[in-house]
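For the numbers below, each heavy atom of this structure counts, side chains included, while hydrogens, waters and symmetry mates do not. We name chains A, B, ... by the order of the sequence lines, and we start the count at 1 in each one.
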There are 2 protein chains.
Amino acid sequence: MDKKNEILKAAFDIFCERGYHLSVAELARAVNIKTPSLYSHFESKDEIIELVIRDEIQRYYRCLTEKILEVKNLSCRDSMKSLYVHVIDYFSEDNRLRFWRAIPFIQNQQLKNISAQLIEDNDRVFKQQIQQCFSTGQSKGEIRQDVSPGALRLYFCMIQGILDGMLLYPKEPFDLGNADELFEAYWDGIRANGTD
Amino acid sequence: MDKKNEILKAAFDIFCERGYHLSVAELARAVNIKTPSLYSHFESKDEIIELVIRDEIQRYYRCLTEKILEVKNLSCRDSMKSLYVHVIDYFSEDNRLRFWRAIPFIQNQQLKNISAQLIEDNDRVFKQQIQQCFSTGQSKGEIRQDVSPGALRLYFCMIQGILDGMLLYPKEPFDLGNADELFEAYWDGIRANGTD
DNA sequence: GTCTATAGTTTGATAGAC
DNA sequence: GTCTATCAAACTATAGAC
């Protein structure tokens, strides 16, 4: 791995811990060079952070898109379950969760806007795909016809809630069994009678 | 209001915006004094932040405890709905949500530990009370007997998910109607058949 | 590309006059 | 309690030698 990428990788790790207030000195130390050497690879601290953010957001949504393709032909239940587990798994790795939760606290309006826009655009696509899956599930009789209007949003909300819990209560190491139970409780609330 | 409290109030506001990296200079400016004058009221920046954090955590759980007493004699559904709305309302005010989400990023291990401990202790009590309400609801026939084991945790998860969404997507101003729909979807999944 | 040296700013905090 | 003056340390960034 060349130095530039080594720096970006280290910047990711430090950003997870410290957020926007990572110091270039600490970053230089992490890759065994002196601070000024950073500036032969990048123009500024903000440029580094912007690259790290773009990389991570792109990586996440690329993974998600792959997974969506992968589950396209499964039942609605299996699709929703797979994607649910996929997202939780993704954010269990490294400190990725802290990374995403640090974004709203970036002290640079331009960077914050770029991040928010990227996330918003990508998220819309993801949510549309799930919506379609949900509708198909309904028309095929997996999901009750008379399900509440908020049922789909509860799915997204549940995912966010789990992630939030992982960040706020890091002491309780996250147990995928718990996540399973939650999904079952959710599905139990929307599945058509007589199905499993 | 005396100066000390004025400072703490301002510190709260700035902490919401900037997290742990609020600067004492900015704080002093906000209350129209010079930086050194802060130090006749407090020993250090960390002392100020600790006080602000203790205040806010205490305020939140005091409000919550009051509300719990208030809804004690309502039906299970009404209790859970009231507390749900209460929490969302609480975090809709000011920048409180940012405050709580900034806590995991405090760059002072001791302060972080104090906060985490306070939250954990108080949260346990809250969750026990809801658990009791939930059990009563089941035995009284408001909630299905054969409800999934994760059904109660889905409730907490849903609340966290909504709050998380409010922080991550601040552009979409939060609509209590949406929150209503979510709760109905949740309740619809656990209510006993034949009840409303 | 990496270094030493250094500039210029901002940080949290203190001394001491009033 | 509030101020002016000041401190040492940390910050981002640049100049210029090798």
Side-chain angles (χ1 to χ4, degrees), chain A residues 1-55 98-99 102-103 105-115, chain B residues 1-55 98-99 102-103 105-115:
Chain A
M1 185 164 55
D2 63 356
K3 205 71 185 174
K4 189 161 177 172
N5 280 318
E6 191 186 341
I7 294 167
L8 289 174
K9 175 73 186 72
F12 175 88
D13 292 336
I14 302 177
F15 184 89
C16 291
E17 262 328 299
R18 311 221 179 288
Y20 180 69
H21 289 87
L22 69 88
S23 92
V24 288
E26 188 182 1
L27 177 54
R29 222 176 301 126
V31 295
N32 294 307
I33 57 175
K34 302 294 177 187
T35 308
S37 305
L38 285 177
Y39 290 85
S40 56
H41 297 281
F42 306 96
E43 285 220 317
S44 67
K45 168 180 161 173
D46 281 350
E47 193 204 349
I48 298 176
I49 294 184
E50 183 176 338
L51 286 172
V52 168
I53 288 177
R54 285 187 185 279
D55 273 7
R98 282 179 71 88
F99 182 95
I103 290 178
F105 291 96
I106 292 174
Q107 299 295 309
N108 170 317
Q109 195 55 48
Q110 202 192 338
L111 261 180
K112 216 159 79 176
N113 290 346
I114 291 173
S115 314
Chain B
M1 185 164 56
D2 63 356
K3 206 70 186 175
K4 190 162 177 171
N5 279 319
E6 191 186 341
I7 294 167
L8 289 173
K9 175 74 186 71
F12 175 88
D13 292 336
I14 301 176
F15 184 89
C16 291
E17 261 329 298
R18 311 222 179 288
Y20 181 70
H21 289 86
L22 71 87
S23 91
V24 288
E26 188 181 1
L27 177 55
R29 223 176 300 126
V31 295
N32 294 307
I33 57 175
K34 302 295 175 186
T35 308
S37 305
L38 285 177
Y39 290 85
S40 56
H41 296 282
F42 306 96
E43 285 220 318
S44 67
K45 167 180 162 174
D46 280 351
E47 193 203 350
I48 297 176
I49 294 184
E50 183 176 339
L51 286 172
V52 168
I53 288 177
R54 285 186 185 279
D55 272 8
R98 281 180 71 88
F99 183 95
I103 290 178
F105 290 95
I106 291 174
Q107 299 295 309
N108 170 318
Q109 195 55 49
Q110 201 191 338
L111 261 180
K112 216 159 80 176
N113 290 345
I114 290 173
S115 315

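In this structure, A:R29 atom CZ and C:dT2 atom C1' are separated by 17 Å, rounded to whole Å. In this structure, OH of B:Y39 is placed 7 Å from P of C:dT14, rounded to the nearest angstrom. Between B:K4 atom NZ and D:dG1 atom P there is a gap of 9 Å when expressed in whole angstrom units. As rounded to whole Å, 10 Å separates atom P of C:dC3 from atom CG of A:L38. The nearest whole Å value for the distance from the CG atom in B:L22 to the P atom in C:dG12 is 7 Å. Atom pair A:H21:NE2 and C:dT10:P shows a separation of 13 Å (rounding to whole Å applied). Whole-Å rounding puts the A:I49 CD1 to D:dA13 C1' distance at 15 Å. When the P atom of C:dG12 is taken as reference, atom NZ of B:K34 falls 16 Å away, rounded to whole Å.
A close approach under 4.0 Å does occur between a side-chain nitrogen or oxygen of A:H41 and OP1 or OP2 of C:dT2. Remark: B:S37 is not in phosphate contact with D:dG1, judged by side-chain N or O atoms under 4.0 Å from OP1 or OP2. Using a 4.0 Å cut-off, some side-chain N or O of B:K45 falls inside it from OP1 or OP2 of C:dG12.
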> Reading DNA chain D 5' to 3', how would its secondary structure be written in dot-bracket notation, given Watson-Crick and G-U pairs with both distances under 3.5 Å, brackets [ ] for crossing pairs and | for partners on other strands?
Replying inline: ||||||||||.|||||||

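One finds a salt bridge joining B:K3 and B:E6 here, because a Lys/Arg side-chain nitrogen approaches an Asp/Glu carboxylate oxygen to under 4.0 Å.
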> Where do A:D55 and A:F12 land on the side-chain contact (heavy atoms from CB on, under 4.5 Å) test, with the steps shown first?
Replying inline: CA-CA 9 Å; A:D55 273 7; A:F12 175 88; over 6 Å; no

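At distances below 3.5 Å, at least one donor-acceptor pair connects side-chain atoms of A:Q107 with backbone N or O atoms of B:E17. Within the 3.5 Å criterion, the main-chain N or O of A:L22 finds a donor-acceptor partner in the side chain of A:K45.
Among the nucleotides D:dT14, C:dA13, D:dT2, the one closest to any side-chain atom of B:I33 is D:dT2. Closest approach to the B:V24 side chain among D:dC3, C:dG12, C:dT2 is made by C:dG12 (side chain taken as heavy atoms from C-beta onward). Among the nucleotides D:dT2, C:dG1, D:dC11, the one closest to any side-chain atom of A:S23 is D:dC11.
Ring geometry for B:F99 against B:F15 counts as tilted: the plane angle lies between 30° and 60°, on a 0 to 90° scale.
Separating the CZ atom in B:F42 from the NZ atom in B:K4 is a distance of 5.0 Å, to the nearest 0.5 Å.
Annotation: salt bridge (Lys or Arg N to Asp or Glu O under 4.0 Å) contacts of B:D46 (sequence neighbours excluded): none.
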